[in-house]
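Chain A is the first sequence line, chain B the second, and so forth, proteins listed ahead of strands; every chain is numbered from 1.
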Amino acid sequence: MRLSRYFMPTLREAPADAQIVSHQLMLRAGMIRQEAAGIYAWLPLGLKVLKKIEQIVREEMDRAGAIEVLLPTLQLADLWRESGRYDDYGDEMLRIKDRHDRDLLYGPTAEEVITEIFRAYVKSYKDLPKNLYNIQWKFRDERRPRFGVMRGREFLMKDAYSFDIDEAAARKSYNRMFLAYLNIYARLGLKAIPVKADPGPIGGDLSHEFIILADTGESEVFAHGDLVEMGAPGPDIDWDGDLEPLVTQRASLYAASDEMHDAARFEAEVPADKRMTARGIEVGHIFYFGEKYSKPMKALVTGPDGKDAPIHGGSYGVGVSRLVAGIIEASHDEAGIIWPDAVAPFGVAVVNLRPGTAEVDAVAEQAYKALEAAGKEPLLDDRDDRPGAKFASIDLVGIPWQLIVGPKGVADGVVEIKRRATGERQTLPLEAALKVIAG
RNA sequence: CGGGGCGUAGCGCAGCCUGGUAGCGCAUCUGCUUUGGGAGCAGAGGGUCGCAGGUUCAAAUCCUGCCGCCCCGACCA
């Protein structure tokens, strides 16, 4: 992409409305524009990052055996009356009437819809387990939306729903999601901690929130240090095998957010040198809810004994749009955003310091084409602007590499490359520089 | 939803108390000079002062109502 033809409206100053760093940087980098409280338009740069995160989530869900569907944003109120949630949900649910005066709602989640689909087709225990997921916009009419896309009213969520014959089988589905989530966050360049969450009326221990570490995060986490060091299990585990040991290894270590924290237990269970206190942001939540929806909505399958029984369900959410902000909270400096390579909107910025000078243009063009051919998604900064302004805006939008082409370097047959994350610079002939960037 | 605050040019702000020509910085446009970390000079454009009423000879400014947005608290991916 040539920056002179792109749409990347950066701001030197942060709008006064933005209080937290990710919101400020997203506005300054021209990633989003607020249209109403908690409702945002995604501008080209923001959309690129959003799509990359979405794709990573998709790949890891697929790997863990989940199957993608796309559910509607508008749902029939009647379905929610079946589950009993239509009246319970309250003002957070955006209710709409169509021209036939029929009650609709903008989905805040999709247990009802997916259960309706499941029960229409699946009748036998032999077809289980199943896990269907959906990456779709949701709407929750929050009392107080805030912090940009961190807590918007409209947000992009990946929601997965598992269907199993009994609780033991459901636990296996749960374990797959537990580990898949850790892999997702690891690929996004984040450190994530699974903490036990309030399981609600169902009870049991099958509910975890995933908190990514960021100094500016909203909630406080207390955890065993090994949990972070252990990291994600990686993609190559046997997804059909027994995942219980991998999950237990992690879930048995102490981890709690401030509201669930038990200082006495923390000190009893975690040696002093392993006690970790950090700040973080909740970006995922998984839970097992048993027959909560299958029973009232009659999602039954016939078991080996010939009897019909409600399936045991679980649901698993990742806040995709929230992750955009979360990653920025976890990865930025005074100059702006520092994107992890996996989600960067562009892989490298080719900064032409003197557009209009034939020799410089030629080298910049050559670099740009080579990087494009190599699949590095280059952004060519061919704007007629001063070097300082270019560096400042490229730093701001957080592109992982800069390949700087200026008249001095071109005269000496070299270019400069800079790594955004470390500030490390190297001056090299173009071919060598391209090799470094290609990794 | 309770408490607090703010709406003046694309962004950041002053002006309001004490009514009388709507201003500053950045950004934008033109010209010249500049060009390795957000340049300099000269000139220019851009505003129903959130909206609606009211008071007044006169309202950005005072009064009333409404709308929008932000922050703190209780809840959520």
Would you call [X] and [Y] a salt bridge, using N to O less than 4.0 angstrom?
X        : Y        : answer
A:Asp215 : A:Arg279 : no
A:Arg151 : A:Glu142 : no
A:Glu92  : A:Arg143 : yes

Distance check, [atom1] atoms only: [N] and [M], in whole angstrom units.
N     : M     : atom1 : result
B:A60 : B:G53 : P     : 14 Å
B:G7  : B:C32 : C1'   : 40 Å
B:U28 : B:A9  : C1'   : 11 Å
B:C29 : B:C66 : P     : 43 Å
B:A27 : B:G10 : C1'   : 7 Å
B:G15 : B:U55 : P     : 29 Å
B:G50 : B:C16 : P     : 15 Å
B:G4  : B:U61 : P     : 23 Å

My understanding is that a pair needs two contacts under 3.5 Å, Watson-Crick or G-U wobble. By that rule, which nucleotide pairs with [N]?
N     : result
B:C69 : B:G5
B:U48 : none
B:C29 : B:G43
B:G23 : B:C13
B:C62 : B:G54

How would you list, by chain and number, every residue that makes a side chain to side chain contact (heavy atoms under 4.5 Å, CB included) with [X], sequence neighbours excluded?
X        : value
A:Glu359 : A:Thr357, A:Val410
A:Ala432 : A:Leu428, A:Pro429
A:Pro15  : A:Leu11, A:Leu27

Practice task
Decide yes or no for A:Ile311 and A:Lys130: does some side-chain heavy atom of the first lie under 4.5 Å from some side-chain heavy atom of the second?
Solution key: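 Counting from C-beta outward, A:Ile311 and A:Lys130 never come under 4.5 Å.
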Handout entry: Sugar-phosphate, base or nothing in reach of A:Tyr89, heavy atoms under 4.0 Å
Key =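 A:Tyr89: no heavy atom of the nucleic acid under 4.0 Å.
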Handout entry: Sugar-phosphate only, base, or nothing, as touched by A:Ala18 at under 4.0 Å among non-hydrogen atoms
Key =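 Answer is nothing: A:Ala18 stays at 4.0 Å or more from every strand.
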Exercise for the section: May I have all residue pairs that pass side-chain hydrogen bond (donor to acceptor under 3.5 Å, both in side chains) and include part of residues 313-341 of chain A, sequence neighbours excluded? Expected result: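 Sorted result for residues 313-341 of chain A: A:Ser22-A:Glu329, A:Glu111-A:Ser315, A:Ser162-A:Tyr316, A:Thr216-A:Glu329, A:Asp333-A:Arg420, A:Asp341-A:Arg419.
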Just the rounded figure in Å: distance from [atom2] of [N] to [atom1] of [X].
X        : N     : atom1 : atom2 : value
A:Glu334 : B:G37 : CD    : C1'   : 14 Å
A:Gln24  : B:G12 : CD    : C1'   : 12 Å
A:Ile39  : B:C69 : CD1   : C1'   : 13 Å
A:Asp385 : B:G40 : CG    : C1'   : 15 Å
A:Lys390 : B:A39 : NZ    : P     : 13 Å
A:Met8   : B:A27 : CE    : P     : 16 Å
A:Asp17  : B:C70 : CG    : P     : 6 Å

Practice task
Take nucleotides 3-11 of chain B nucleotide by nucleotide from the 5' end and write B, S or -, depending on whether a protein heavy atom sits under 4.0 Å from the base, only from the sugar-phosphate, or from neither.
Solution key: --------B
Problem - Test side-chain hydrogen bond (donor to acceptor under 3.5 Å, both in side chains) applied to A:Arg265 - qualifying residues, sequence neighbours left out - result: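 Partners of A:Arg265 under the side-chain hydrogen bond (donor to acceptor under 3.5 Å, both in side chains) test: A:Glu269.
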Handout entry: Which residue lies more 5' along RNA chain B, comparing A:Val405 with A:Glu35 via nearest heavy atoms
Key =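 Final value for this comparison: A:Val405.
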Handout entry: RNA chain B: 5'-proximal contact among A:Pro145 and A:Arg383 (nearest heavy atom)
Key =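 Nearest-nucleotide comparison on RNA chain B picks A:Arg383.
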Exercise for the section: Can you sort out the partners of A:Phe266 under ring-ring contact (aromatic ring centres under 6.0 Å, His included), two or more places apart, ordered by chain and number? Expected result: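 Scan of A:Phe266 (ring-ring contact (aromatic ring centres under 6.0 Å, His included), adjacent residues dropped) gives A:Phe222, A:Tyr254, A:His261.
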Problem - All pairs passing ring pair (Phe, Tyr, Trp, His ring centres under 6.0 Å) where residues 417-439 of chain A contributes a residue, at least two apart - result: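 Output for this query is empty, none listed.
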Exercise for the section: Tell me whether the OP1 or OP2 atom of B:A39 has a side-chain N or O from A:Arg386 closer than 4.0 Å. Expected result: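 So the side chain of A:Arg386 is within the cut-off, an N or O lying under 4.0 Å from OP1 or OP2 of B:A39.
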Problem - side-chain N/O A:Gln34 vs B:C70 OP1/OP2, d < 4.0 Å - result: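 Yes, such a contact exists.
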Set out, line by line, the N/O atom pairs under 3.5 Å between protein and nucleotides 75-77 of chain B.
from  : atom 1 : to       : atom 2 : distance (Å)
B:C75 : N4     : A:Arg146 : NH2    : 3.1
B:C75 : N4     : A:Arg151 : NH1    : 3.0
B:C76 : O2'    : A:Arg140 : NH1    : 3.1
B:C76 : N3     : A:Arg151 : NH2    : 3.0
B:C76 : N4     : A:Arg151 : NH2    : 3.1
B:A77 : OP1    : A:His285 : ND1    : 3.1
B:A77 : OP2    : A:Glu282 : OE2    : 3.3
B:A77 : O3'    : A:Glu282 : OE2    : 2.6
B:A77 : O2'    : A:Val283 : O      : 3.2
B:A77 : O2'    : A:Gly319 : N      : 3.1
B:A77 : N6     : A:Gly152 : O      : 2.8

Problem - Within residues 336-360 of chain A: residues closer than 4.0 Å to RNA chain B (heavy atoms) - result: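 Of all residues in residues 336-360 of chain A, the ones placing a heavy atom under 4.0 Å from RNA chain B are A:Leu353, A:Arg354.
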Handout entry: Aromatic centroids of A:Tyr174 and A:Phe287 separated by under 6.0 Å
Key =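 Distance test on ring centres: not under 6.0 Å, no.
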Only pairs under 3.5 Å count here: list side-chain donor-acceptor contacts from residues 52-67 of chain A, not counting sequence neighbours, and write none if there are none.
from    : atom 1 : to       : atom 2 : distance (Å)
A:Lys52 : NZ     : A:Ala344 : O      : 3.0
A:Lys52 : NZ     : A:Glu377 : OE2    : 2.6
A:Glu54 : OE2    : A:Arg58  : NH2    : 2.8
A:Gln55 : OE1    : A:Arg58  : NH1    : 2.8
A:Gln55 : NE2    : A:Glu59  : OE2    : 3.1
A:Arg58 : NE     : A:Glu68  : OE1    : 2.7
A:Arg58 : NE     : A:Glu68  : OE2    : 3.3
A:Arg58 : NH2    : A:Glu68  : OE2    : 3.1
A:Glu59 : OE1    : A:Arg187 : NH1    : 2.9
A:Glu59 : OE1    : A:Arg187 : NH2    : 2.9
A:Glu60 : OE1    : A:Arg63  : NE     : 3.0
A:Glu60 : OE2    : A:Arg63  : NH2    : 3.0
A:Glu60 : OE2    : A:Arg187 : NH1    : 2.8
A:Asp62 : OD1    : A:Tyr133 : OH     : 2.7

Sequence neighbours left out, cut at 3.5 Å: what donor-acceptor pairs do the side chains of residues 400-408 of chain A make with other protein atoms?
from     : atom 1 : to       : atom 2 : distance (Å)
A:Gln402 : NE2    : A:Asp395 : OD1    : 2.6

